[in-house]
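Worksheet: the structure to be examined is printed underneath.
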Number of protein chains: 2
Amino acid sequence: MNVLEKIVNSVNSFSKSERKVADVILANPQTTIHSSIAALAKMADVSEPTVNRFCRRLDTKGFPDFKLHLAQSLANGTPYVNRHVEEEDGPEAYTAKIFESTMAALDTARQRVDINAINRAVDVLTQAKKISFFGLGASASVAHDAQNKFFRFNVPVVCFDDIVMQRMSAINSAEGDVVVCISHTGRTKNLCDIAAIARENDATVIGITAYDSPLAKECTLVLSLDVPEDTDMYMPMASRVAQLVLIDILATGFTLRRGSKFRENLKKVKDSLRGSRFDKKDFNN
Amino acid sequence: MNVLEKIVNSVNSFSKSERKVADVILANPQTTIHSSIAALAKMADVSEPTVNRFCRRLDTKGFPDFKLHLAQSLANGTPYVNRHVEEEDGPEAYTAKIFESTMAALDTARQRVDINAINRAVDVLTQAKKISFFGLGASASVAHDAQNKFFRFNVPVVCFDDIVMQRMSAINSAEGDVVVCISHTGRTKNLCDIAAIARENDATVIGITAYDSPLAKECTLVLSLDVPEDTDMYMPMASRVAQLVLIDILATGFTLRRGSKFRENLKKVKDSLRGSRFDKKDFNN
DNA sequence: CGCAATCTGTAATTTAATTACAAGATATCC
DNA sequence: GGATATCTTGTAATTAAATTACAGATTGCG
């Protein structure tokens, strides 16, 4: 695991002085790797052994080894750490933090995603007679987005963010239909019902949701995205971005599977939009 | 430039002993970063100062600094680059590429985003009597998402993805109202009209769109996201994720500006959802 | 062949990091 | 509420590492 993330994660297990060290390092990681233990100790206003103990607590052999790990973490150019927004953050701070948290979330999602499941989902989708996307609340916009994408593929697609419509649609589903249920927590009761109903009617149910959730249990195929997120106070952000990227991936897999002939269709859809838009050349350069 | 590449490139300008050092390092770079200068000197069968001179020749301050650079080179072969999906890509390939492209897009967005504009947008939004989010096509789902977020703030929010409704809503806007128009290209004619109408009716119009686009010209305040994207063949992906992150940032700025008392309200909204969900404890662990 | 320039290693010096230990703070138990 | 135990933290001593200065060796060139 990334050392920077590790620091953030274990900030609670630190002692007072160790936290001072952590703060200084997180504030200027780039400076840290070029500092001696003495300089860092001074910056954090603690003694040198404290810095050393801090390094050891992070499972490194000592300060030099810690710097090595830190250097590797910083190598990407940017430390994608899930830093939480604080009360007193200014615009620069919270903007940076949200970008970074989102990127960090995507990074973990990328590592944890089950490619086999994606591949099977693409299989199922390409063979679907009809595709339905269902989501509620924040996940509704993800469902809309999915509809917008798959709609271009010349496949029957529906999308409902209304429980009653979802229910009716689920009841009317039949073999060969694919229902995609989207929920970050996987604990939305109504959506679980929908999934169950759809499956009873022989539809294939794909869940974009948390592994091991009630919704997951109702699905034929689960695409889980374990994205760490602080939902205590604010609203789902990173998880929803990860869901969208997953939709992008499914859509891409879909077009690739359908072959090149099919992709001409996409161009056609794109061209049809031209009339509703101003010409590009008038405004670029 | 990457230190490893640098070593390879300048192998000709090395002296005999220095080349021995280079060979050892290139053969086991991973070991090198965990070795002392003495150990490395022994492996290369040269003296310690020779190793030191070698490091300096590579424009590093000395051996420890060299190890830092080496560590960074080893950390990540491929930073997040915008790699395009190819015809013959398998699931692993396109999944990785889409994740990376999205992250690369967020990275550039982060660097280019105008913090001042964000701050002013937050200003405007916190003082709004009513907030409207308008988007069409792919941007409609972004607008929905924005509505979902700002709705929790106990502010009058509307969101339309229907031109007629948007038009009516725009005509009815008044001073103190804020209209947010979302469009990646900024060339959607209908949305430009809406922006113009809203402004004629004294609303403040925020555009989440391309800088210098027709839509941007109609807006009071533009939040531009120049995200490189390959829209030739497929559909907007990265740009829409960037838009969502921007919405997240605005929402976060909003809550922070409103102060802590206000955030209790968010908890209330969250708690109200509890009834519609299965209990968490039943399914974790 | 001999001088000059460059390279390389040894030993001394400096700097940095680590360890051992003691004082102080904090929690816990009667 | 006081005494004991545990955990933190810092000072000083020790050790290890890196760097520098210098001298011997090697190579190139006239």
Side-chain angles (χ1 to χ4, degrees), chain A residues 3 6-74, chain B residues 3 6-74:
Chain A
V3 190
K6 211 166 186 174
I7 296 176
V8 177
N9 287 339
S10 43
V11 80
N12 296 316
S13 68
F14 288 151
S15 70
K16 208 176 359 171
S17 306
E18 282 170 340
R19 185 166 311 181
K20 281 202 248 175
V21 179
D23 287 344
V24 172
I25 293 172
L26 290 176
N28 9 315
Q30 204 56 250
T31 332
T32 304
I33 59 172
H34 294 116
S35 307
S36 69
I37 195 168
L40 183 60
K42 201 172 176 185
M43 278 197 278
D45 194 32
V46 297
S47 70
E48 299 181 23
T50 301
V51 175
N52 210 295
R53 282 188 278 261
F54 172 86
C55 298
R56 294 244 161 90
R57 194 169 294 265
L58 260 26
D59 299 320
T60 61
K61 287 187 187 170
F63 184 68
D65 190 43
F66 169 79
K67 283 205 288 188
L68 249 31
H69 280 96
L70 188 59
Q72 296 196 320
S73 303
L74 292 174
Chain B
V3 190
K6 213 168 185 173
I7 296 176
V8 177
N9 288 337
S10 43
V11 79
N12 296 316
S13 68
F14 289 151
S15 72
K16 205 174 8 169
S17 304
E18 282 170 342
R19 184 167 312 182
K20 281 201 251 176
V21 179
D23 287 344
V24 172
I25 293 172
L26 291 175
N28 5 315
Q30 204 56 251
T31 332
T32 305
I33 59 172
H34 293 116
S35 307
S36 69
I37 194 167
L40 184 60
K42 201 172 177 184
M43 277 197 279
D45 193 33
V46 298
S47 71
E48 299 181 24
T50 301
V51 176
N52 210 296
R53 283 186 279 261
F54 171 87
C55 297
R56 290 232 226 276
R57 194 169 294 265
L58 259 26
D59 299 319
T60 61
K61 287 187 188 171
F63 185 67
D65 190 43
F66 170 79
K67 283 205 289 188
L68 249 31
H69 280 97
L70 189 59
Q72 295 195 320
S73 302
L74 292 175

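Residue numbering restarts at 1 for every chain, and letters A, B, ... go by the order of the sequence lines. Predicted model only: the values in this text are computed from it and were never measured.
Residue Phe54(B) contributes atom CZ, which lies 17 Å from atom C1' of dA18(D) at whole-angstrom precision. Taking atom NZ of residue Lys42(B) and atom C1' of nucleotide dA18(D), one finds them 18 Å apart after rounding to whole Å. If you take CG of Asp65(B) and P of dT15(C), they are 18 Å apart, rounded to a whole angstrom. The nearest whole Å value for the distance from the NZ atom in Lys67(B) to the P atom in dT19(D) is 10 Å. Separating the CZ atom of Arg53(A) from the P atom of dA17(C) is a distance of 16 Å, rounded to the nearest angstrom. In this structure, CD of Glu48(B) is placed 14 Å from C1' of dT13(C), rounded to the nearest angstrom. The CZ-C1' distance, from Phe63(B) to dT14(C), rounds to 18 Å in whole Å. Per the geometry, CZ belonging to Phe66(B) stands 12 Å off P belonging to dA18(D), to the nearest Å.
Tested against Thr32(A), the residues Leu26(A), Val21(A), Ile25(A) include a single side chain to side chain contact (heavy atoms under 4.5 Å, CB included) partner, Ile25(A).
Under 4.0 angstrom from either OP1 or OP2 of dA17(C) there lies no side-chain N or O belonging to Arg56(A). In this structure, Thr50(A) reaches the dG10(D) phosphate: one of its side-chain N or O atoms is under 4.0 Å from OP1 or OP2. The phosphate of dT18(C) (OP1 or OP2) has a side-chain N or O of Asn52(A) nearer than 4.0 angstrom.
Nearest nucleotide to the Pro49(B) side chain, out of dG10(D), dA18(D), dG9(C): dG9(C). Closest to the side chain of Ser47(B), out of dT10(C), dA17(C), dA18(D), is dT10(C).
Side chains of Phe54(A) and Ile7(A) form a contact here, defined as non-hydrogen atoms less than 4.5 Å apart.
Distance alone, capped at 3.5 Å, is enough to place a donor-acceptor pair between the Lys67(A) side chain and the Ser35(A) backbone.
Under the 30°/60° scheme for interplanar angles, the aromatic rings of His34(A) and His69(B) are found to be tilted.
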